[in-house]
Amino acid sequence: IDAGDNTICAAAPVNGVDQRGVTRPQNEYCDIGAYELLEFDILPHTLPPATVGFHYSQQLTAVGGIPSYTWSSSGLSVEPFTLISNTGMLVSDDNIMNPHTPGVIEFTAIWQDSTSFKFEKDFILSVYPALSFNPGTLPSGKANQAYSQVITLSGGTAPYTINPVSLPDWASYEIDPDAGTINIFG
């Protein structure tokens, strides 16, 4: 807001405080006690999905307001998820099998700034099924015979990052990360 010129102010804020209760600078310029409307938000706009069997951690960030922030939530009563009040970190319990149920969790994240202003935003957190392999155990190969086995992945979040760790020297592989398949042959 334009502070005006060096003329005497007819309507200065009461006791040098604006509508929020924040002290405004007082000098030779007219200060009407108004403040610019800031945009408020919580980032990220969408949450990355969680996967059954894996720890989840996502930082929520307040936009606008006056630090420091206190975080809370509404509707996040589904274990194992917690929104840590002093950091805005959304986490699952440290138990390696949490979260343990796939599905969708809808909740509201809330931050409150140092002036007690509150901002709320609704979120949807998808929890994908655990990653699984089929077959779970590879069939044995036979000497001097061609070997071929397709392994199919399901659950989790495609595309998959697949890095075979240890294969016999005679074995080769092809990976299709979008389909979630590994073809081992030799």
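Computation of the quantities below employed the complete heavy-atom set of this structure, encompassing side-chain atoms and omitting hydrogens, waters and symmetry-equivalent molecules.
Note on L167 and W170: same hydrophobic cluster, where clusters join Ile, Leu, Val, Met, Phe, Trp and Tyr whose side-chain heavy atoms are under 4.5 Å apart, directly or indirectly. The hydrophobic clustering, which links ILVMFWY residues whose side-chain heavy atoms are closer than 4.5 Å, places L43 and Y69 apart. Both W71 and L76 belong to a single network of hydrophobic side chains, linked directly or stepwise wherever heavy atoms of I, L, V, M, F, W or Y lie under 4.5 Å apart. Linking ILVMFWY residues whenever their side-chain heavy atoms come closer than 4.5 Å, directly or via other members, places I175 and L153 in the same cluster. Note on I151: it clusters hydrophobically with L131, by side-chain heavy-atom contacts below 4.5 Å among ILVMFWY residues.
Checked against salt bridge (Lys or Arg N to Asp or Glu O under 4.0 Å), D41 has the following partners two or more places apart in sequence or in another chain: K121.
V63 and W111 make their closest contact through O-CZ2, 3.4 Å (heavy atoms, listed as atom of the first residue, atom of the second, distance). Among all heavy-atom pairs drawn from P129 and P102, the shortest one is N-CB, 3.8 Å. Minimum heavy-atom separation, T108 to E120: CG2-CB, 3.8 Å.
Not one N or O on the side chain of S92 forms a donor-acceptor pair closer than 3.5 Å with the backbone of P80.
Listed by first and then second residue, the salt bridge (charged side-chain N to carboxylate O under 4.0 Å, His left out) pairs involving residues 101-118 amount to none (not counting sequence neighbours). Pairs of residues two or more places apart, or lying in two chains, never qualify as salt bridge (charged side-chain N to carboxylate O under 4.0 Å, His left out) while including a residue from residues 164-186.
Put simply, CD1 on I124 and CG on L47 are 9.5 Å apart, with the number rounded to the nearest 0.5 Å. One distance of note links OG of S85 with CD of Q112; it measures 11.5 Å at 0.5 Å rounding. For the atom pair CG of L60 and CG of L83, the computed distance is 5.5 Å after rounding to the nearest 0.5 Å. Here the straight-line distance linking atom CD1 of I105 with atom OG of S126 works out to 9.0 Å at 0.5 Å rounding. How far CD1 of I84 is from OG of S73: 11.5 Å, rounded to the nearest 0.5 Å. Atom CZ of F185 is separated from atom OH of Y173 by 10.5 Å, given to the nearest 0.5 angstrom.
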Next item on the list: Kindly determine whether I184 and Y147 satisfy side-chain contact (heavy atoms from CB on, under 4.5 Å), including the steps that lead there.
Entry: CA-CA 8 Å; I184 300 174; Y147 183 87; 4.3 Å; yes
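Side-chain contact between P48 and Y56: present, with at least one pair of heavy atoms (C-beta onward) separated by less than 4.5 Å. Contact check for V150 versus T152: side-chain heavy atoms found under the 4.5 Å cut-off. Annotation: side chain of F123 is in contact with side chain of I42 (closest heavy-atom distance under 4.5 Å).
Separation of the F81 and F107 ring centroids does not fall under the 6.0 Å cut-off.
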